[in-house]
2 protein chains.
Amino acid sequence: MFPKATLERLKLYHRLLSEESKEYVSSEEIGEKLNIPPEQVRKDLSYLEYKGKPKVGYHVKSLLEELNRLFGIDKKVKVIIIGAGNLGSALANYPGFANYNIEIVGIFDKDQEKIGKKVGDLVILSLDFLERVIKRFNVEIGVICVPKESAQEVADLLVKNGIKAIWNFAPTFIKVPNEVIVRNEDISLGLLTLKHMLEVKSSQAKEA
Amino acid sequence: MFPKATLERLKLYHRLLSEESKEYVSSEEIGEKLNIPPEQVRKDLSYLEYKGKPKVGYHVKSLLEELNRLFGIDKKVKVIIIGAGNLGSALANYPGFANYNIEIVGIFDKDQEKIGKKVGDLVILSLDFLERVIKRFNVEIGVICVPKESAQEVADLLVKNGIKAIWNFAPTFIKVPNEVIVRNEDISLGLLTLKHMLEVKSSQAKEA
DNA sequence: TAGATTGTTAATCGATTAACAATC
DNA sequence: TAGATTGTTAATCGATTAACAATC
């Protein structure tokens, strides 16, 4: 129903609207800030049930509510983080989670040095407690922040314990059964984009 | 010349091939691992100058070389990181940078507590040294890892000192002059995708 | 009311897929 | 040579853009 490209843009609108203080915004204003033609914004928003008001614009609060419903943000979800290195710790302290109705209920590591220490309010636990925490808190999402060598192993462990979705920050392609959702957050790809943009720019400069 | 979608997939091929140990791979094998139809893989690769060999496949090394050239990975680039929190530290220690011919030559923070401490091999410096480091090492890329409240301020400072590209990890839309490249690495968007996938799945389950 | 802004239809553009010819 | 795999053309599909009607 929603075109793939539209969904991607709806995510941008969501973030923009989250930071918006005005009561109404026009497609013109949204497009301006995100570098998207206003016609495109209107087309995208027309897929939603909420309709804007001619001459007034879109009611920020109502629009946000519908986007929250669409993306499932209205439902609370419990999360655990595997790997208490810099990246795992960064995510554990990430202030944005609360806005998305996500609660981090545990952080794990296999390094004896780290176990028992604290990251924010959470005590780093041994992987031996993984099963218990998942069952007890009804955890649905596992975040993998371990080196890529152990990513698959951790993924298997999460799947075995009934995790529904995996957010994988290790730069490797992990294999999971079809019914488990995997989202790869690969920083390397961002790097390629950046290097490519620099490259394009410098070769354009040479031509001129 | 390259369709946008093709470029995105070429990045995936790049990573896959970097991990490939065989001498030749077929479009079938690449497609299999990335869940992309082999016709699509061939079409994408046909935009490159390097041609595969019928019956044999694509020569991994040659293909990687051409992709490296395309993305600018064959050129070394110097990078600084602003913000030595968990995320900045994670990036400073990120093992992938070396593969991309990127060298981190400095990490900065404004917190007096952190200045002078080490992150990997780097000593955390005061922002007062920013200009000197950029000039001395000919730094082209700045990575923003500060809280979103100070992201714009840091961006302005980087621009003022002649940085060509900014990799922004703060979840906010920063404004820079047209000639400066910005890449937003927004973890929030990944979260939205994940929540949406969970939501779609659970509503499908209800229907069945 | 007049004017601004949304919503929608049709036309254009671009990307994917299918089929098959080329080739090692 | 026969067969496997690439490369390319044409057909299909989907997304964007343009134009304008609807509406507050």
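Quick note on labels: first sequence line is chain A, next is B, and so on, each numbered from 1.
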- Rounded to the nearest 0.5 Å, how far apart are CD1 of A:I82 and CD1 of A:I107? 8.5 Å

- Atom pair distance, as rounded to whole Å: CD in B:E29 and P in D:dA4: 15 Å

- Message: Taking the nucleotide of DNA chain D with the nearest heavy atom to each, does A:F2 or A:K55 sit closer to the 5' end?
- Response: A:F2

- Query: Between B:K33 and B:E20, does at least one N-O distance fall below 4.0 Å, as a salt bridge requires?
  - Reply: yes

- Query: Does a side-chain N-to-carboxylate-O contact under 4.0 Å join B:E8 and B:K4?
  - Reply: no

- Contact list for DNA chain D against residues 34-41 of chain A - heavy-atom distance below 4.0 Å: A:P37, A:Q40

- Task: Start with the C-alpha gap between A:F97 and A:Y100, add the side-chain angles, then the distance that decides, and say whether ring-ring contact (aromatic ring centres under 6.0 Å, His included) holds.
- Result: CA-CA 5 Å; A:F97 280 119; A:Y100 290 109; 8.1 Å; no

- Using a heavy-atom cut-off of under 4.0 Å over every strand shown, decide if A:K4 touches base, sugar-phosphate, or nothing. sugar-phosphate

- Note on the structure: Stems field, DNA chain C, Watson-Crick or wobble, 3.5 Å, at least 3 pairs, by first number, holds C:3-24 with D:3-24

- Do the non-hydrogen side-chain atoms of A:V133 and A:I80 ever get within less than 4.5 Å of each other? yes

- Query: Can you pull the salt bridge (Lys or Arg N to Asp or Glu O under 4.0 Å) pairs that have at least one residue in residues 74-83 of chain A, sequence neighbours excluded?
  - Reply: A:K75-B:E199, A:K76-A:E103

- Message: With a 4.0 Å limit, can you tell me whether A:Y58 has a side-chain N or O closer than that to the phosphate oxygens OP1/OP2 of C:dG7?
- Response: yes

- Query: Expressed in angstrom and rounded to an integer, what is the separation of B:E28 atom CD from D:dG7 atom P?
  - Reply: 15 Å

- Rounded to whole Å, the OH-P distance (B:Y24 to C:dC24) equals 12 Å

- Message: Check this one for me: any side-chain N or O of A:S27 less than 4.0 Å away from OP1 or OP2 of C:dT6?
- Response: yes

- Query: How close or far is atom P of C:dC20 from atom CZ of B:R42, stated in whole angstroms?
  - Reply: 14 Å

- Message: By nearest atom, which of the nucleotides C:dT16, C:dT9, D:dC24 is closest to the B:K43 side chain?
- Response: C:dT16

- Item | B:K53 NZ to C:dA22 C1', straight-line distance once rounded to whole Å | 17 Å

- Check each of B:H59, B:E66, B:E65 against B:S62 using the side chain to side chain donor-acceptor pair (under 3.5 Å) test, and report the only one that passes. B:H59

- Message: Categorize B:K51 for me: base, sugar-phosphate, or nothing, with a 4.0 angstrom heavy-atom threshold over every strand shown.
- Response: sugar-phosphate

- Message: Closest-nucleotide mapping onto DNA chain D: is A:T6 or B:Y50 further toward the 5' terminus? I mean the 5' end.
- Response: B:Y50

- Query: Quick one: does A:K201's side chain have a donor or acceptor within less than 3.5 Å of a partner on B:E179's backbone?
  - Reply: yes

- Would a distance-only check, ignoring hydrogens and angles, find a side-chain to backbone donor-acceptor pair under 3.5 Å from A:S18 to A:H14? yes

- Report the relative orientation of the aromatic rings in B:H196 and A:F71; use parallel for angles under 30°, tilted for 30 to 60°, perpendicular for over 60°. perpendicular

- Query: Nearest-Å distance, CG (B:L45) to C1' (D:dT8)?
  - Reply: 14 Å

- Message: Looking at D:dA15, I'd like to know if its phosphate oxygens (OP1 or OP2) sit under 4.0 Å from a side-chain N or O belonging to A:R9.
- Response: no

- Item | Between C:dA15 (C1') and B:E8 (CD): distance, integer Å | 14 Å

